[in-house]
Structures are given as C-alpha cells and as structure tokens.
Amino acid sequence: MAKLSANMKSRTATAVREIYRPIIRGYFAVFAAYYLVLMPVNFMFYKGMDLVAIVATASLSILIALFGIWYLRKPAPLIRLEQLLAVLNVLVVANVVIALNIAFAPEKLTYFVIMVMLFALASVSTRQSVFSIFIATSGFLTYVPRLNSGDLVTYGFLVFGAVAASVSIAYYLRKAIIRIADAKLDAESELKEAQTVSESLRHKSLSDSLTGLPNRRAFFEALRKGISLISRARDQNNMESPVYNDSLWLILVDLDGFKAVNDVHGHLVGDLLLKEVAERLKAHCDGSAHVSRMGGDEFNIILSSPCDEPQIKAWCDRLLETLAKSYVIEGRYIRVSGSIGCKMMDLEQGARSQINEADYALMAAKKQGKNRCVVFSGAHARQAAERYQVEQALRFADLEQEIELLFQPQVNLRDNQIVRAEALARWTSPMVGEIEPSHFIKVAEESGLITDITLTVVGKAFSAMHEWADPVPIAINLSSHDVITDPIIDQIITMVEEFELNPSLIEFEVTETAMMADLDKATANLKRLTQKGFTIALDDFGTGYSNFSYLRRLPIEKLKVDRSFLENAGDPMTEKVLFSLAGMARTLGVQCLLEGIESEIDLLMAKRVGADAVQGFLFGKPMNAADLKAFLVDTSRPEPSANAIA
Ligand code: C2E
Ligand code: MG
Ligand code: MG
C-alpha cells in the first residue's frame, strides 16, 4: 500500500514537473530577452568596472537562461529545474544589487517586489519558492540601512505584502497544478485501461476460444489483407515486394470422422483433439500461413506463396500425413484424417464465390473417399455452375405442379406378390428440364430445400393412396434433414390423419448416412413414427457403416440392400457378400430386400442368398399411379428361367 502511494506520488511529481516545464522555459525566455534588450543600455549608462560587473552578470544570466531553454526541451529531473531556477534567480538578484550599488535610488527597490512575486510564481516546489523569496528579500534587506524611515515603511510594507501575496498565490497555484496533474494522470490511466480492454476484446473477438487460433472474422480480415497486399504490389509494379510473385492459396481443411470421435469418446476428448489438430496445423504452416478455425472441425489456411498447383498439392499431402498420425488424448489412441479443398485466389474475382469454390473442391475430396486434397478446377467450375442452376430452379419451383410421383413395385419372393411400391420423385423444371432424381435430391439436401420436396412427395403419395379403393402399401424416401427435424415428423403424422390412411400401409426409407447426422435424434423420430404404426426400412444398406451395435438400436423392419452389389453379379464374391448381408438381416430379425434386380440371374441370386423381397427393372421400372394399378391386376411375374438356373 505504502509502495503504491509512493509510486502514485512520484507519478504526480512527474506530471507536475511536465506541466511546469513549458512555464519555466517561458520564464527563462523572458529573462534571456530582457537582458539581451538591456545589454546596449548598459553600455550607454555604465563605464569601467561598473560596466564589466553589470555586463558580466547580465551575460551570465542570458547564458543560464538560454541553457535552461535548451536543457528543458526534454523532460528533466525536478532537482535540475530547481537548481537552474535558483542559479538564474540568484543572478537576477545579483544584477539588481550591482545596479543599486552603482547608483542607489529608493524607487529601484520595487525591483525586489517584482522579483519576490516572479520567483514565487515560477517556483516548481515549495522549497524552491522559499529559497528564491529568501534571496530576493535578503537583497532588499541589505539596503534597509540606506533608507529613511518614510521609505523604509513604504518599501518594507511593499516587500512584506509581495511576500505574503506571492507565497499564498504560489501555494494555491501549485495546489491547482497538482490537481490538474492528478486529473491528467487519472485520464491517462483510464485511457490506458480502456485501450487494454478494447485490445483484449478485439483479440477475443478475433480468436477462437477453444484452440486460440484466429476465428472466422479474423479469417475474412486476413483474406482481405492478403488479396490487397498482392494486388497493390502488382498494381504498383513493385517487383521488390516480397509478395509480387506470390499466389494466394485458400486451403480448406475438414476432419474426416470427427463426429464419430465426439459420439464415441465424448465432447471433452473431441475438444482436446481439435486443439491438437490446431497445433499440428500451426506447426505445419510454421508461421508462413494464416491458420484459422471456422467452427466445428473446419479449419482454413491462407497461404501466400509462389508455389504452383503441384507444389501446393504436395504441401497439402504432407499436411494430411501429419493430421492422419494417431493422437493420444487422455490415454486413448485416436485416429482421424482430413480432407482438403484448395483454390488459387483470382485477385480480380469476389472472395465469397471463391470460398464457395474451395468448399466445392473440399466436398469433391470427401466424395472421392476423404483423406485427400482436391484443387478447384475448370471441371469443378462447370459442375458448380450446373449445380447452382439446379438450386436456383428449385428455389423458384412450383413443386405441386412440377413434381410427379412414380411407383416401383416390390415383390415378395415367397409368393411372387407385389407387396409394396416405392414412391420415387421426378422433377421436370420449366427452367432446366428433367433432372436426375439423385442429383436434384442431393442439391435440395445441400441447399436446405429438401423439406418442401419431402412434404410434396408425402402429400402426393398420401393423396394417391387416398384415391385408391384398395390402397397399395407405399414406401417413401426420407432425407437426413427430415429424420432429424421434429416439425417434419409432426407434419407427416398430421397428414396421415388428414388423409385418413392406415399408417401400417406406409413405410419410410432412411439411409445409414442420414441417421449418422444425429443418431440419437434420428432414432427418437423413427420411434415416434413406428409408434404411430408406420414401418421403417434402411435404404442403400451395405454402403454405409452396416454396424451391428447401432443397427440393433434402430426400430427398422427391413434392410434394402443397395443395388450397387448386383453390378458385378458374375463375380463369385458378389453372392458371398449378398449372403452375409441377408444373414445380417436374419440375425437382426428383419426383412431383406434386394434392389436393382434387372435380370433373371439377379433374381436367382436373390433367391439363393435368402432375400425376402426384390425390387428392380426385371419386375417393373418406376411407373405412374395408373400403370401401377394395371400392373397389380396382371399377376404374371418373371421367374428365373431354366437358362438362368443352369
Ligand atoms: P433409392 O431410394 O435407392 O431408389 C431406388 C433407385 O434405384 C431409383 O432411382 C430406382 O429407379 C432405381 N432402380 C430401381 N430398380 C433398378 C434397377 O433394376 N436398375 C437400376 N439401374 N436402377 C434401379 P431413382 O428414382 O433415380 O432415385 C434415385 C435416388 O433418389 C433414390 O434412391 C432416392 O435416394 C432418391 N429419391 C428419389 N425420390 C426421392 C424422394 O421422394 N425423396 C427422397 N428423399 N429421395 C428420393
Ligand atoms: Mg429408396
Ligand atoms: Mg436404395
């Protein structure tokens, strides 16, 4: 506490000294000017030794005053200020004393009155003002014996009054200056505090709290700076600039399998993993690139470098190798990999669209099997443009008018009967024409437009069933977003009630990947549907995780084995794989349906592996509702021919 107050005192003294510095310099300047002006006058009035004495003290005073002006151009210790003032004041008194000794006149004693007041007002400390007043009054007192009683009273009171007035004025003046100094200090410290707070807020607002890396905002700032730095160097043709020959590379990194780490090991381990990933990214960039975390498991790198595409790919491949090395977190070995999408920034093009392009390359890297780097190319640009066109057409589509439903029968292998029809959406856009279902469904899923399609399809399927006197059981596809969105499930339940349909006639097909977006939520929503009487089939089975432990938790009644397994029907392995997939369905106690039955050989294989039902072009391509009705009446169904069996 004592240390603190001593510290504050010394800070106040410094501030006081700083307030006085210009005043004292002005004081010196006035004396220097005064004695310079008086110099020629001295030569007119004095001669001989008198002249020497008066010129010597005046010159000394000028020198001291000029030295003081020069010395105080910078902050100086208080003691130096006091010493300089004391020397000058003594010289001023000496000047007056010499002048009086040469030619005494009582009126000249008023000089002492002026000196007392000036010395007191221009004192930097109490001790200095006491000293200065003391020498001025001592000077006066040496002339007292020469005064008559009338002059003594007059000048005595004058000097006494001057001392009293100047001491009190100097006291209050110094008090006021100390207050100003304190206020200045307070203001400065508040300003400093505000600057520190705003600096820390700025730092916080630009950094990611988990990893300490720059965040999304900082990324955009860094990208803007990077673009303008290279652009400026090129615009000014500044070949000396270190970035003149650089390209600006945008590198988006996304972890593969991070969600599973969170699900299996918990969020704490997930967080620690992200921190470790951030460290590896920083180490790989080694200060030569801007690394930021955009959120979740997404990291962005901005690299300004003269590297060409193959060099960047090699750099990214090395980064992927680093990321794929195992992590030891809380004693557990964890492995994840990364996918990278790169784009060389075109400095003339908008940043936003190029970030989307890098993102497109990242998506391509994921689709190509993850743990790889894809650089955005012309082909990607064409695909992206096409995708954008589809997305725009979807946004403005009148789905009620433009979506048509086709139905593809599913056949039970035990009695060859049609047991269900899968509703498949067809979209003909007036803007783009007919678009492949898998394509527009994907675009709709990625752009958040799938809900409208799902509800249109559900509405149309329910309305078709409602019109059929003897409704055919229907299967409807749900997307990932649908299964994890409560209001969509609510709406489906409401719709089935409105159409007065029996929910047991309706099956929803969901894919494993759709479930993985949020397994708990998806499971809960599927349970809500099964509780209402709907049934659930797992679509595209075999292409995803196909993991027993989670399949057992799902309320599914059917596995629909993906048709890709039948693409190599001639391969002996195909039958073995199909056999094990059908076996999995048996173990789980659910039905097994084989998709993509195009030939009698496929059908025979389906029977041999023990599938319960099939679906495919051999029985019927997706058809409209009227054709489906006619198809149901026709009971002749394909059977494996003798050739196929042979
Ligand atoms: P999916 O649900 O697996 O549907 C089966 C797809 O396989 C359909 O393609 C069908 O026409 C095709 N298919 C059936 N049998 C055969 C065959 O023997 N050979 C061949 N080569 N193909 C066969 P489609 O109609 O083009 O649909 C593709 C995918 O689009 C669907 O796969 C489904 O994932 C999605 N989809 C279609 N309609 C909807 C919908 O209304 N909602 C949602 N969310 N997805 C839908
Ligand atoms: Mg399906
Ligand atoms: Mg399927």
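Just so you know, ligand 1 is whichever comes first in the structure, and atom 1 is the first atom listed for that ligand.
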Chemist: Looking only at heavy atoms of K560, does any of them come nearer than 4.0 Å to an atom of ligand 1?
Modeler: no

Chemist: Tell me, which protein residue and heavy-atom name are nearest atom 7 (O) of ligand 1, and how many Å apart are they?
Modeler: R563 NE, 3.1 Å

Chemist: Tell me the protein heavy atom at minimum distance from atom 38 (N) of ligand 1, and give that distance in Å.
Modeler: A425 N, 3.1 Å

Chemist: Give a yes/no on ligand 1: does T454 have at least one heavy atom closer than 4.0 angstrom to it?
Modeler: no

Chemist: Can you tell me, to 10 degrees, how wide the angle at the Mg ion (ligand 2) is between OD1 on N477 and OE2 on E422?
Modeler: 90°

Chemist: Could you check, using the six-membered ring where one of them is a Trp, whether F407 and W468 have ring centers closer than 6.0 angstrom?
Modeler: yes

Chemist: Taking N or O atoms only and a 3.5 Å limit, does F617 qualify as a polar contact for ligand 1?
Modeler: yes

Chemist: Mind checking whether H466 and F499 have parallel, tilted or perpendicular rings, split at 30° and 60°?
Modeler: perpendicular

Chemist: Closer than 2.8 Å to the Mg ion (ligand 3), what protein N/O/S atoms do you find?
Modeler: D539 OD1, D540 OD1, E595 OE1, E595 OE2

Chemist: Classify the contact between V457 and ligand 1 as side chain, backbone, both or neither, using a heavy-atom distance cut-off of under 4.0 Å.
Modeler: side chain

Chemist: Salt bridge between R293 and E298, side-chain N to carboxylate O under 4.0 Å?
Modeler: no

Chemist: Do me a favour and list the nearest non-hydrogen protein atom to atom 19 (N) of ligand 1 with residue, atom name and distance?
Modeler: E598 OE2, 2.5 Å

